2 protein chains.
Amino acid sequence: MKNKYLKIYNEIVKQIENGELEPNVKLPSENNLADKYGASRGTIRKALNLLSQNGYIQKIKGKGSIVLDVKKFDFPISGIVTFKELSKKMGQASDTTVHQLDLMKPDNFLKNQLSVTEDDQIWKVVRAREIGQDKIILDKDFFNQEFVPSLTKEICEGSIYEYLEDELGLEISFAKKVISVEEATREDKEYLDLNGYNVVAVVKNYVHLNDASLFQYTESRHRPDKFRFIDFSRRGV
Amino acid sequence: MKNKYLKIYNEIVKQIENGELEPNVKLPSENNLADKYGASRGTIRKALNLLSQNGYIQKIKGKGSIVLDVKKFDFPISGIVTFKELSKKMGQASDTTVHQLDLMKPDNFLKNQLSVTEDDQIWKVVRAREIGQDKIILDKDFFNQEFVPSLTKEICEGSIYEYLEDELGLEISFAKKVISVEEATREDKEYLDLNGYNVVAVVKNYVHLNDASLFQYTESRHRPDKFRFIDFSRRGV
DNA sequence: GAGTGGTCTAGACCACCTT
DNA sequence: AGGTGGTCTAGACCACTCT
């Protein structure tokens, strides 16, 4: 993290999360901060815009920037977050069971979801996620082998993302998520503790790399009473 | 719209949505665009970053910016979108039935959701939304009267947002949404065509004005098979 | 009128990719 | 080596808010 604006951003985030900067107090003005951090106003503005986008502050023209009550915005899953990060945030014991790990030819469904041809090979990973006592989430992951040459049970039991980013150096860039509610399949009922529910909340995730290529399709199927998705958005942009 | 970077952004958006700029083609370089639009590189970068955030392009360091396939990203409800905009996008006939429109004292639940005191008065609006043949969405809106002095049945049958923004000049700034799945209440069953479902997809929406004050709480309750929520997000920020 | 955030400019250096 | 996007600077003018 050598970027000055990121350092400034992170420092202020820490101060807000610590409580050093309390909700509703005003930040110093941009010119003030520029002096304080030895940066130009442009760099300060870049940091403040990040804070604004992520719901930490509100900028008001002619007045200043005020700190928002970030505690009221409990755990933000907005964006791309992995199961491991999530369960850590919730502070609960978690466990992963790998039910399937195969290299296969894409069927028609997958050829549609991932942009692959007949010849490509696809990794299929099916994992049940346990938080607290119950198996609550069924993750079905599909990777193009072109990007992920090898995959082991051990990797799947931990965080595949860590492996992809740290070991393989893949740079995940953006994702489209589609959230819906579907009837529970036989597979859902077999692998999850559905507690009598006959529907699941489904998050379909299309993950792209830095060069915009689509390399992963994921379906995350949640027991409805344990599902929450939080979205923070600003009007206009 | 007098901002130069917004004009440039909108021009390029139009070109992408028209098909003048096809997916996977490279945009001109930033220096090129700066000449072309008679702007500085900083202004061009502002426009391009907007395009990137909204899923129109992908910027790749050292190479250039490429156009993403925006048609694959069908209707994006990401962010704050009103029912009227949504039904227009889906190109279907739509209808709104106002079941309740009252000025009331806040109960404990509302005092928690909205930041109001005993003395404030709250508008409560309950509306059923029909798309196609079925009543699919039940909207329960709560406004602080401090911000919305008067409200009529006619306004509620159209778009409350248009009224708030155009007539009252309120500037909606940001919102937090929480998506979950809940058991259908007696109210849901009474006002909606639930088709046998006993759960609903619920979007709880906390809407803030420009000065960060919370002025509206909304619950949008959807029949599960008709519910979709789409989220586009970039990693890191 | 003084202070604030929003926009825009012109120039500089860097890391990265292509050739 | 030359082009590209990413960062940073210093200065300018504007619209808005407060007093």
Side-chain angles (χ1 to χ4, degrees), chain A residues 1-12 24-53 56-68 169-171 173-174 208-213 234-237, chain B residues 1-12 24-53 56-68 169-171 173-174 208-213 234-237:
Chain A
M1 184 187 19
K2 45 202 270 295
N3 289 340
K4 199 185 260 194
Y5 78 94
L6 276 180
K7 278 184 197 157
I8 297 171
Y9 167 77
N10 283 316
E11 270 193 50
I12 300 180
N24 300 319
V25 308
K26 263 210 325 229
L27 286 184
S29 75
E30 296 180 346
N31 285 316
N32 250 317
L33 289 169
D35 287 346
K36 189 169 158 188
Y37 286 101
S40 73
R41 200 179 143 220
T43 302
I44 296 295
R45 282 181 58 73
K46 225 166 164 177
L48 293 188
N49 281 334
L50 252 188
L51 289 164
S52 168
Q53 278 168 43
Y56 285 103
I57 65 169
Q58 178 76 354
K59 312 186 79 180
I60 306 174
K61 197 193 297 192
K63 295 176 89 171
S65 299
I66 61 176
V67 177
L68 295 178
L170 293 180
E171 295 190 56
S173 176
F174 64 94
H208 297 252
L209 299 178
N210 255 10
D211 63 354
S213 59
R234 290 195 169 270
R235 182 83 160 182
V237 167
Chain B
M1 186 189 16
K2 46 203 268 299
N3 290 339
K4 200 185 260 193
Y5 78 95
L6 275 181
K7 278 184 196 156
I8 297 170
Y9 166 77
N10 283 316
E11 271 192 48
I12 299 180
N24 300 317
V25 307
K26 265 210 324 228
L27 286 184
S29 76
E30 295 180 347
N31 284 316
N32 249 317
L33 289 169
D35 288 346
K36 188 170 159 187
Y37 286 102
S40 72
R41 201 180 142 219
T43 302
I44 296 296
R45 283 181 58 72
K46 225 167 164 176
L48 293 189
N49 282 333
L50 252 188
L51 289 164
S52 168
Q53 277 169 45
Y56 285 103
I57 65 169
Q58 178 76 356
K59 311 186 79 180
I60 307 174
K61 197 194 295 191
K63 292 177 87 172
S65 299
I66 61 177
V67 177
L68 294 178
L170 294 181
E171 295 190 56
S173 176
F174 65 94
H208 297 252
L209 299 178
N210 255 9
D211 63 355
S213 59
R234 290 197 169 268
R235 182 83 160 182
V237 167

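Every chain is numbered from 1 and lettered A, B, ... according to where its sequence line falls, protein lines coming before strand lines. Note that the coordinates shown come from a computational prediction; the quantities given were computed from them, not determined experimentally. Any value given below was found using the heavy atoms of this structure, including those in side chains, with hydrogens, waters and symmetry copies removed.
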Give the rounded distance in Å between these two atoms: CG of B/Asn210 and P of D/dC16.
12 Å

What integer distance in Å separates A/Lys7:NZ from D/dC8:C1'?
13 Å

If the condition is side chain to side chain contact (heavy atoms under 4.5 Å, CB included), which residues does B/Asn32 pass it with, not counting sequence neighbours?
B/Pro28, B/Ser29

Shortest side-chain distance from B/Lys4, nucleotide among C/dT7, C/dT4, C/dC8:
C/dC8

Which residues pass the side chain to side chain donor-acceptor pair (under 3.5 Å) test with B/Asp35, not counting sequence neighbours?
none

Atom-to-atom span, CZ of A/Arg45 to C1' of C/dT4 - whole angstrom:
11 Å

Quick one, B/Gln53 with A/Gln53, criterion side chain to side chain contact (heavy atoms under 4.5 Å, CB included). Give me CA distance, side-chain angles, the key distance, then yes/no.
CA-CA 11 Å; B/Gln53 277 169 45; A/Gln53 278 168 43; 4.1 Å; yes

Residues in side chain to side chain donor-acceptor pair (under 3.5 Å) contact with A/Tyr56, at least two apart in sequence or another chain
A/Glu17

Could you check which of D/dG5, D/dC8, C/dT7 has an atom nearest any side-chain atom of B/Lys46?
C/dT7

B/Glu171 CD - C/dG6 P separation (whole Å)
12 Å

Side chain to side chain contact (heavy atoms under 4.5 Å, CB included) partners of A/Lys59, counting only residues at least two apart:
A/Glu30, A/Arg45, A/Leu48, A/Asn49, A/Ser52, A/Ile57, A/Ser65

Counterpart residues, side chain to side chain contact (heavy atoms under 4.5 Å, CB included), relative to B/Ser213 (two or more places apart):
B/Phe147, B/Leu209, B/Asp211

Counting just side-chain N and O atoms, does B/Tyr5 come under 4.0 Å of either OP1 or OP2 of C/dC8?
no

Could you tell me which residues satisfy side chain to side chain contact (heavy atoms under 4.5 Å, CB included) with A/Glu11, sequence neighbours excluded, listed by chain and number?
A/Gln15, A/Tyr37

Between C1' of D/dT17 and CD1 of A/Ile66, the distance in whole Å
14 Å

Closest heavy-atom contact between A/Gln58 and B/Ser173?
NE2-OG, 2.9 Å

So what is the end-to-end bend of the helix from C/dG1-D/dC18 to C/dT18-D/dA1, with 5 pairs used at each end and the value given to 10 degrees?
0°

Using a cut-off of 4.0 Å on non-hydrogen atoms, how would the nucleic acid contact of B/Ile60 be classed: base, sugar-phosphate, or nothing?
sugar-phosphate

What pairs of nitrogen or oxygen atoms, one from the protein and one from nucleotides 10-16 of chain C, lie under 3.5 Å apart?
unit_1: C/dA12; atom_1: N6; unit_2: B/Arg41; atom_2: NH1; d: 3.4

To the nearest Å, give me how far apart CG (B/Asn32) and C1' (D/dG2) are.
14 Å

Who pairs with B/Asn31 by side chain to side chain donor-acceptor pair (under 3.5 Å), at least two apart in sequence or on another chain?
none

d(CD, B/Gln58; C1', D/dG6) in whole Å:
14 Å

Just N and O in the side chain of A/Thr43: are any of them under 4.0 Å from OP1 or OP2 of D/dT9?
yes

Using whole Å, report how far CG of A/Leu33 lies from P of C/dT4.
10 Å

